[in-house]
There are 2 protein chains.
Amino acid sequence: METLRERKKRHTRESLLRAALELFTTKGYEQTTIDEIAEAVDVSQRTFFRYFAGKEDVAFAVQRMTEAAFVEAVRARPAHEAPMKALRQAFLEGWDTIRGTVESVVPVELYLRMYRTIDATPALLAAHLRRSAAAEEALARVLAEREGVDADTDPRPRLTVAVFGGVIRVTERQWCTSDDLSVESIRTLTATYLDQVGSALTGNWRGTPGR
Amino acid sequence: METLRERKKRHTRESLLRAALELFTTKGYEQTTIDEIAEAVDVSQRTFFRYFAGKEDVAFAVQRMTEAAFVEAVRARPAHEAPMKALRQAFLEGWDTIRGTVESVVPVELYLRMYRTIDATPALLAAHLRRSAAAEEALARVLAEREGVDADTDPRPRLTVAVFGGVIRVTERQWCTSDDLSVESIRTLTATYLDQVGSALTGNWRGTPGR
DNA sequence: CAGGTTAGTGACAGCGACTGCCAATTGACA
DNA sequence: TGTCAATTGGCAGTCGCTGTCACTAACCTG
């Protein structure tokens, strides 16, 4: 069980997190100062930095949770599944269980709105892409292990994950700029785009559709 | 022709650029202050900011040139070439002509060393990935136009460019961590990895090679 | 080539993110 | 209840970056 001190700490941390995301999504990331976040929770600026490494850190606190869940989901996929299929299934699964992963800390709706803010803020978009790259490295290792190849010398796990990640980013971007910011929306968009990769790579697009 | 004022400006700018890259690659990006760069060229800190928007801006000044050259090279490719092929050829071409593109401003060797610094510095890596994403958007539009599809509704140009970009980033990363930091090295590595994408995506790796 | 115009510069003040340090407070536990 | 350790606030300082203003050097015109 939890001591009073621990309860207070958790409360402060979560209050800071919620206040930060609320401010970021409403008045913008750059326009929000650390002092404002701290003031909203009635702690000193110094205390904010004891809970989060910086402005960027608090912005991605929730993303960190969902990312970790995704990597674990890939690891948990049945061993006979082909790499690309495992990535795809784990990812869609991640969106199915997003409520349970996130809601204990912040409302899912706030989490989803944050995606838009990230996409619209150059500094955050950059950080997001770097975080994605780091995640891809972890995923490549998982795939390499699943398939019994050497992650350091065989480029195929990394290439596969890079292609998958590329599609995911196209999907995210499209979703962020659409007006339907719902979980179902990104789920179906992801599935659709993953299906289209094959035909996109063959070239010769002139005959057919644009979704 | 060039007036005295313009000559002085160009000289100041290029001196700042060279000094910055030299400092970044030797003592590290984070460890280098703007004051040091300005001092090395004997101008005020304020003057530095009149030539470059910030620390990040000067770090990518040369990359900006090569990127622009790459996008143009894709645009200049024969219209009958398949999208993926056009990207590949333009990219390899870019490395063939890198000397002519860069050497007038900084030594190629310094430009290449800068890649390692970018890869090793989280803040720069993030910025690099965001810049790549922006470049991919431009490339997608070029491909869409070449193939006569609508860049806004048809996902295939963006998907193709995302896959290509993904492979390029895997390649860059591998190259940066290798000990052969030469133009030939990244050229051949790129070609090899692009060739492997197809077989990587089919799954079923157990039979064959790791490069 | 004298004199006014303009571009480029340096110095200074100030903001926001972030860190180190020390003193005060508050919960934990004997 | 008193002691100890964890948590906090305040303060000073660094670095990236911006606005302002006066000053100088280059340009141009007569």
Side-chain angles (χ1 to χ4, degrees), chain A residues 1-17 19-21 23-24 26-61 117-118 121-128 130-131, chain B residues 1-17 19-21 23-24 26-61 117-118 121-128 130-131:
Chain A
M1 59 149 278
E2 224 179 12
T3 163
L4 168 59
R5 210 171 244 173
E6 288 168 333
R7 245 178 300 138
K8 275 194 164 181
K9 270 183 74 172
R10 198 165 53 86
H11 178 256
T12 307
R13 198 195 124 88
E14 290 176 3
S15 300
L16 281 169
L17 178 52
L21 296 193
L23 285 166
F24 290 163
T26 52
K27 63 179 293 195
Y29 177 76
E30 317 268 20
Q31 286 68 45
T32 304
T33 70
I34 306 280
D35 284 321
E36 284 174 316
I37 301 170
E39 199 176 352
V41 182
D42 210 60
V43 296
S44 73
Q45 190 219 49
R46 197 67 189 80
T47 295
F48 171 90
F49 284 108
R50 291 209 173 86
Y51 284 94
F52 297 98
K55 209 175 170 181
E56 193 185 294
D57 186 51
V58 69
F60 288 101
T117 305
I118 291 171
T121 311
L124 287 183
L125 182 57
H128 173 64
R130 194 198 52 211
R131 299 177 53 75
Chain B
M1 63 148 281
E2 225 179 10
T3 162
L4 169 59
R5 214 173 245 173
E6 289 168 332
R7 245 178 300 137
K8 276 193 166 181
K9 269 183 74 171
R10 198 166 54 84
H11 177 255
T12 307
R13 197 194 125 89
E14 289 176 5
S15 300
L16 280 169
L17 179 52
L21 296 192
L23 285 165
F24 291 163
T26 52
K27 64 178 294 195
Y29 178 76
E30 316 269 20
Q31 285 68 46
T32 305
T33 73
I34 306 279
D35 284 322
E36 285 174 315
I37 301 170
E39 199 175 352
V41 181
D42 210 59
V43 296
S44 73
Q45 191 220 48
R46 196 66 189 82
T47 294
F48 171 91
F49 285 107
R50 291 207 175 87
Y51 284 93
F52 297 98
K55 210 175 169 181
E56 191 186 295
D57 186 51
V58 68
F60 288 101
T117 305
I118 291 171
T121 311
L124 287 183
L125 183 55
H128 174 63
R130 193 197 54 210
R131 299 178 53 74

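A, B, ... follow the sequence lines: proteins, then strands. Residue 1 opens every chain.
Comparing B:V43 and A:G54, the nucleotide of DNA chain C nearest to each residue sits closer to the 5' end for B:V43.
Computed from coordinates, the A:E30 CD to D:dC17 C1' distance equals 13 Å when rounded to whole Å. What separates NZ of B:K55 from C1' of D:dC17 is a distance of 12 Å, to the nearest Å. Remark: C1' of C:dT9 and CG of B:L16 are 13 Å apart, rounded to the nearest angstrom. Atoms CZ (B:R50) and P (D:dA25) sit 16 Å apart, rounded to a whole Å. Going from atom CZ of B:R46 over to atom P of C:dA7 covers 17 Å, rounded to whole Å. In this structure, B:E39 atom CD and C:dA11 atom P are separated by 12 Å, rounded to whole Å. Atom CD1 of B:I34 is separated from atom C1' of D:dT14 by 13 Å (rounded to the nearest Å). Protein atom CD of B:Q45 is 7 Å distant from nucleotide atom C1' of D:dC17, rounded to whole Å.
A distance-only check finds a donor-acceptor pair linking the side chain of B:Y29 to the backbone of B:E56 [under 3.5 Å]. The closest donor-acceptor contact from the side chain of A:T121 to the backbone of A:I118 lies at 3.5 Å or more, if one exists at all.
Put simply, B:K8 has no side-chain N or O that comes within less than 4.0 Å of OP1 or OP2 on C:dG8. OP1 or OP2 of C:dG10 has at least one side-chain nitrogen or oxygen of B:T47 nearer than 4.0 Å.
Counting heavy atoms from C-beta outward, B:R50 and B:R46 have side chains that approach closer than 4.5 Å.
With distances taken from any side-chain atom of A:R5 to the nucleotides C:dA7, D:dG16, D:dA5, the minimum falls on D:dA5. Nearest nucleotide to the B:T12 side chain, out of C:dT9, D:dA26, C:dT26: C:dT9. Side-chain proximity of B:L4 to D:dG16, D:dA26, C:dT9: nearest is D:dA26. With D:dC21, D:dT18, D:dA25 as the candidates, the nucleotide lying closest to the side chain of B:F49 is D:dT18.
In B:E39, the CD atom is not crowded: 12 or fewer heavy atoms of neighbouring residues, nucleotides or ligands sit closer than 6.0 Å.
Using a 4.0 Å heavy-atom distance criterion, A:Y51 is classed as a sugar-phosphate-only contact.
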>> Could you go through B:F24 and B:V58, starting from their C-alpha distance and side-chain angles, then the distance that decides it, and tell me whether this counts as side-chain contact (heavy atoms from CB on, under 4.5 Å)?
In response: CA-CA 10 Å; B:F24 291 163; B:V58 68; 3.9 Å; yes
